[in-house]
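Data block below; observations after.
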Amino acid sequence: MAARGHVQDPNDRRLRPIYDYLDNGNNKMAIQQADKLLKKHKDLHCAKVLKAIGLQRTGKQDEAFSLAQEVATLEPTDDNSLQALTILYREMHHPELVTKLYEAAVKKVPLSEEYHSHLFMAYARVGEYKKMQQAGMALYKIVPKNPYYFWSVMSLVMQAISAQDEKLAQTMFLPLAERMVEKMVKEEKIEAEAEVQLYFMILERLGKCVEALDVVRGPLGEKLTSELRSRENKCMMMYQRLQLWPECNALSYKLLLKNPDDWQFYLSYFDSLFHLMDKSWSQPEEGEHCVEGPVQTTVTEAVKFVVDRMEEQDKKESRPLRGPYLACLELIHRLRQRGCPDEKELGDPLELMVQFFGKFGDKPCCITDLKIYLHLLPPEQRSQFKKRLGELVPLGEAGEDGFGFPGDTKALQRHLCVCQLSRALGLQHALDTEGKLRLITELKAHYHHGLQFGKNSSTPISLTLTITMWACLGVLEEGLSFSPSNAQFKLLLLLLFCRLGAFQPVVDLYSSLDAKHVQHDTIGYLLTRYAGSLGQFAAASQSCNFSLRFFHSNQKDTSEYIIQAYKYGAFEKIPEFIAFRTRLNQSLHFAQVRTERMLLDLYTEADVTLSLEESVKAMGVCPEEDDIPWDNMRDNRDLTVLVSWDPKDRELTEEHRRLSLEEESVWLKVRSLTLRLLASLALLGHAPSPRNSDKTNENGISAKSSTLQTLLSQLDQTCGILFLSPDDSTELQTQICNAFKSSVAQLQEMLSRCKGEVLEMKDGRLTTRPSLLETLVFFVETVCVVLWVASYSASVLRPLKSSLQKKKKKKKDSSSAMPVVLCGFQEWTGSLQGVVTQALDHVKGQEASLTALKLAALTLEEGYSQTQVGSVQSSYLGSLQELGDLLRKRADSLKSLKI
């Protein structure tokens, strides 16, 4: 190997400048340097591949691919060429070609550990689990190391997970994986914790919980040391699956004695206790209760256990732990559910919560801890509870405004917690208007006072109950100026701007949130949901790209995570990565942004820079195929991203989530159907059927598939009639002409719904009507669709007119009347021109009235902010300008529609 490395040194020196140019992004210089090197060394394969990388990065994909294939067909075995080709194929999104490279390399150098390892990882990138299993075993035979053997075992497990037939997984793949691990166990070759974890995973998936429990409790279990209490957690999981409640109870009890703050074990302790009570389990007369130690089977024992833990914390000089106090409230909750009178032995919930607040009220977790137990308080105690908590908040003397303020951050946090609990109890909602206004004033005063402790440590203004949306914008703008990193201010501003129909400021707000990775899926809907419908097409396209960039990199990134998991033996994580990738591929948001982006491109570019047909082909849209996984759709939206301390009756429920998902799915269906219908129209537009035949349906459209027929049947009735191919039937031609007139009437009706002022000022007050803007956007989209239908109709009618003119010339008859449908089409295009002109005039009028609006005349006492009102006005103007530009482009294309 040393001699071989010495031979390669000259080539490494020659290639170094090309690598440097590529690393620095200077692709053109890299190509030039590669060309110079290839003139002197024609057989230097790596230089060709590096040139191909430069070509790929400069947009010359075909040339790059051709050059790469020249090298690939030679089946190179040098590291430089193989690694460069791997980089190139990954950038081209062709990871499957990497497997062929290393398959050839392994055949030529069959004993290379490195090439076999690269082959295994190449299979991992494309999910070829069977070949991964074979490659892993081939690698183990060459270099008998445990990790390679278990790569093969894990690949068997992945075959089981990905198998369509669950029976096959349970009867072949998993049992074979189990036997392979058992072989290593018998030969005492198990070395690492990862190997024990994999064995446990296999047994768990086979449902062999007893065997899995034996592994964890046996000598192999001693290797489970990387995670805190990993062994105990696995035992607990198996006890619960096997319903071994005595062992579950005893283990929970034992672990809580060691760590009385571990919440998960309190839950398993209570669960097991009540299961044992329901089964009337009794302790055996002789011997130990169970392998884990003593078992507690009565409420009295549980009450004593929890009270003892609380008393231990009360005696501590250092800060007490929260677990025992919350366990007391949890036990009261469960006993109350069962109608058990023993809850009284634990104390009054009000006193317990006041005690908890006294100990932990200065911690942000206090509100989330107590909120879930507020239902234990009867309605008549809620005001008393708030008053008791207020007594524990050290506030200074009241000033002229009647408000006292905290003197430090701990007191501030206590005051904030009282405000949050007051809202969660519904006390703020019960206030009258005057009381709410006073609360607003008080909270704003506390916010300004709290700024002395730090810009992000003050009472959130989002608690404020504002009267008008403009006043709310002003408050949030003020808060953001003091706390520029506060995400909640930004999210609320984003939401309010969208409600006002002003999308322009939203893009910058979302960008400032600096959403990372999966957040583009969970909160991206806040941006993309309103993008296109508010007329900001350029910003909408950019917004969709934010999300799409993440989704498109998901496949590549997840493959790398899987490879790293194999390398470091994190086998448990591999199924999680696969599930994560699947969850993203089936995301509702992914389907939405992909569909909206393609529709945006069609509306703004088709028949402007490219024809409709070329645009559809460039997108790769196939009208016969619906690639949205409707049956497995995953709603990954984080609907709780906006922090709320509302009472339970005002919280988001599962019914709300279900209705939201249903609405979004219906809208996605409409948009997806629109896209596929436009694609089918584009494909039909250049090859219309001249006459009806057995291979065509009654509308003259080729019956390519039942899917296409379904799409056409769902098309709007007016547009559907426009697909009719004319023949000599006067009745049919009359129907077509009526359809032409009907479409114009519908467009006129839509345009009439757009009339009105989007932003209007009367008596120093502003009124917004964002719905007018949304209606105008849908009108413009409809105009685009109707014009594409008109273009198709012209392509059908043009040959008919031509043939009629030829017949006239032959017969020399100039007096014969023009067919009704041709006259009707000409009238239709003229009417469409009139509608588009009216729309353009309307848009110009809106722009003029917005520009003339004098914001200086606003009554600032009403809570208006000049900056925010200016942002809304600017956004409306931007939307109207984009809509006007698009309408002008469509008007130009309409003029060319002649037959």
Side-chain angles (χ1 to χ4, degrees), residues 259-268 270 306 309-310 313 319-334 336-337 346 349-377 381-382 385-386 388-390 392-393 406 409-429 443 446-447 450 454 456-465 483 485-489 491-492 519 522-523 637-654 656-657:
N259 180 11
D261 202 38
D262 200 323
W263 185 247
Q264 62 172 329
F265 294 125
Y266 278 113
L267 297 179
S268 58
F270 293 141
V306 171
R309 301 288 76 70
M310 289 170 63
Q313 298 304 310
R319 177 179 282 274
L321 301 172
R322 292 152 48 221
Y325 300 98
L326 290 174
C328 183
L329 292 170
E330 176 68 19
L331 186 55
I332 290 174
H333 163 65
R334 295 196 180 208
R336 190 171 289 186
Q337 276 186 325
L346 289 162
L350 185 145
E351 295 298 331
L352 290 168
M353 284 192 251
V354 170
Q355 179 191 15
F356 186 89
F357 180 82
K359 294 179 182 294
F360 307 106
D362 57 353
K363 294 293 182 184
C365 59
C366 185
I367 172 63
T368 51
D369 288 341
L370 289 181
K371 187 179 178 183
I372 55 178
Y373 297 112
L374 291 178
H375 66 278
L376 297 176
L377 296 174
Q381 284 189 350
R382 291 176 181 177
F385 176 61
K386 182 196 171 185
R388 291 282 302 278
L389 295 186
L392 298 175
V393 180
T409 53
K410 289 189 175 182
L412 183 148
Q413 185 60 51
R414 284 181 179 276
H415 178 261
L416 173 58
C417 188
V418 172
C419 292
Q420 292 166 331
L421 286 168
S422 173
R423 187 171 183 84
L425 287 166
L427 299 177
Q428 292 182 0
H429 294 92
L443 290 174
H446 273 276
Y447 176 79
N456 287 313
S457 63
S458 186
T459 306
I461 299 180
S462 48
L463 274 169
T464 306
L465 302 164
S483 308
S485 300
N486 192 304
Q488 289 298 311
F489 290 166
L491 288 167
L492 283 166
Q519 287 178 317
T522 56
I523 67 172
R637 296 173 300 159
D638 182 2
L639 300 179
T640 58
V641 66
L642 287 164
V643 175
S644 168
W645 300 289
D646 284 343
K648 196 167 184 179
D649 60 339
R650 288 174 173 262
E651 283 182 344
L652 197 68
T653 65
E654 285 304 314
H656 292 141
R657 291 174 185 274

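What you see is a predicted model, and the numbers here were worked out from it, not measured in a lab. These values consider heavy atoms only, across backbone and side chains, with no hydrogens, waters or symmetry-generated copies.
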query: Atom NE2 in His446, atom NE2 in His415: separation rounded to 0.5 Å?
result: 3.5 Å
Closest heavy-atom pair and its distance - Leu376, Pro349: CB-CB, 4.0 Å
field: side-chain contact (heavy atoms from CB on, under 4.5 Å) against Asn259, all qualifying residues, sequence neighbours excluded
entry: Arg229, Asp261, Asp262
task: Could you tell me which residues satisfy salt bridge (charged side-chain N to carboxylate O under 4.0 Å, His left out) with Arg382, sequence neighbours excluded, listed by chain and number?
output: none
task: Work out which heavy atom in Ser644 is nearest to a heavy atom in Lys371; give both atom names and the distance.
output: O-NZ, 3.4 Å
statement: Gln355 meets the side-chain hydrogen bond (donor to acceptor under 3.5 Å, both in side chains) criterion, sequence neighbours left out, with none
statement: CG (Asp362) and CZ (Phe360) are apart, to the nearest 0.5 Å, by 9.5 Å
message: Applying side-chain contact (heavy atoms from CB on, under 4.5 Å), can you list everything that pairs with Gln519, at least two apart in sequence or on another chain?
response: Ala515, Lys516, Thr522, Ile523
message: Can you tell me how far apart CG (Leu412) and CZ (Arg414) are? Round to the nearest 0.5 Å.
response: 12.0 Å
query: Under the side-chain hydrogen bond (donor to acceptor under 3.5 Å, both in side chains) test, which residues partner Arg309, sequence neighbours left out?
result: Glu312
field: Atom pair CD1 (Ile367) and CG (Leu374), whose distance is rounded to the nearest 0.5 Å
entry: 7.0 Å
message: Please determine whether the number of non-hydrogen atoms from other residues, nucleotides or ligands lying under 6.0 Å from atom CZ of Arg650 exceeds 12.
response: no
query: What is the minimum heavy-atom distance between Met353 and Leu377, and which atoms define it?
result: CE-CG, 3.6 Å
- request: Please identify each residue that fulfils side-chain hydrogen bond (donor to acceptor under 3.5 Å, both in side chains) with Gln413, with sequence neighbours left out.
  value: none
- request: Kindly indicate whether a cation-pi arrangement holds for Arg322 with Phe356, taking the cut-offs as under 6.0 Å to the six-membered ring centre and within 45° of the axis.
  value: no
message: List the residues meeting side-chain contact (heavy atoms from CB on, under 4.5 Å) with Ser422, not counting sequence neighbours, and say none if there are none.
response: Lys386, Leu427, Gln428
- request: Evaluate the side-chain proximity of Val393 to Phe357: yes if any heavy-atom separation is below 4.5 Å, no if none is.
  value: yes
task: With sequence neighbours excluded, tell me which residues meet side-chain contact (heavy atoms from CB on, under 4.5 Å) with Thr653.
output: Glu655, His656
statement: Minimal heavy-atom distance between Pro647 and His429, with the atoms involved, is CD-CE1, 3.4 Å
Non-neighbouring partners of Lys359 that pass salt bridge (charged side-chain N to carboxylate O under 4.0 Å, His left out), sequence neighbours left out: Asp314
Nearest atoms (heavy-atom pairs only) where Leu346 meets Leu352: O-CD1, 3.7 Å
field: Separation of Leu642 CG from Gln488 CD (nearest 0.5 Å)
entry: 6.0 Å
task: Tell me, please, which residues at least two apart from Lys363 pass side-chain hydrogen bond (donor to acceptor under 3.5 Å, both in side chains).
output: none
- request: Please list, chain by chain and in numerical order, all residues satisfying salt bridge (charged side-chain N to carboxylate O under 4.0 Å, His left out) with Asp638, sequence neighbours excluded.
  value: none
query: Any side-chain heavy atom of Leu329 sitting closer than 4.5 Å to one from Tyr325?
result: no
field: Test salt bridge (charged side-chain N to carboxylate O under 4.0 Å, His left out) applied to Arg657 - qualifying residues, sequence neighbours left out
entry: Glu654
- prompt: Quick one: CH2 on Trp645 to CD on Gln420, what's the gap to the nearest 0.5 Å?
  reply: 4.5 Å
task: For residues Pro324 and Pro260, report the shortest heavy-atom separation together with the two atoms involved.
output: CD-O, 3.3 Å
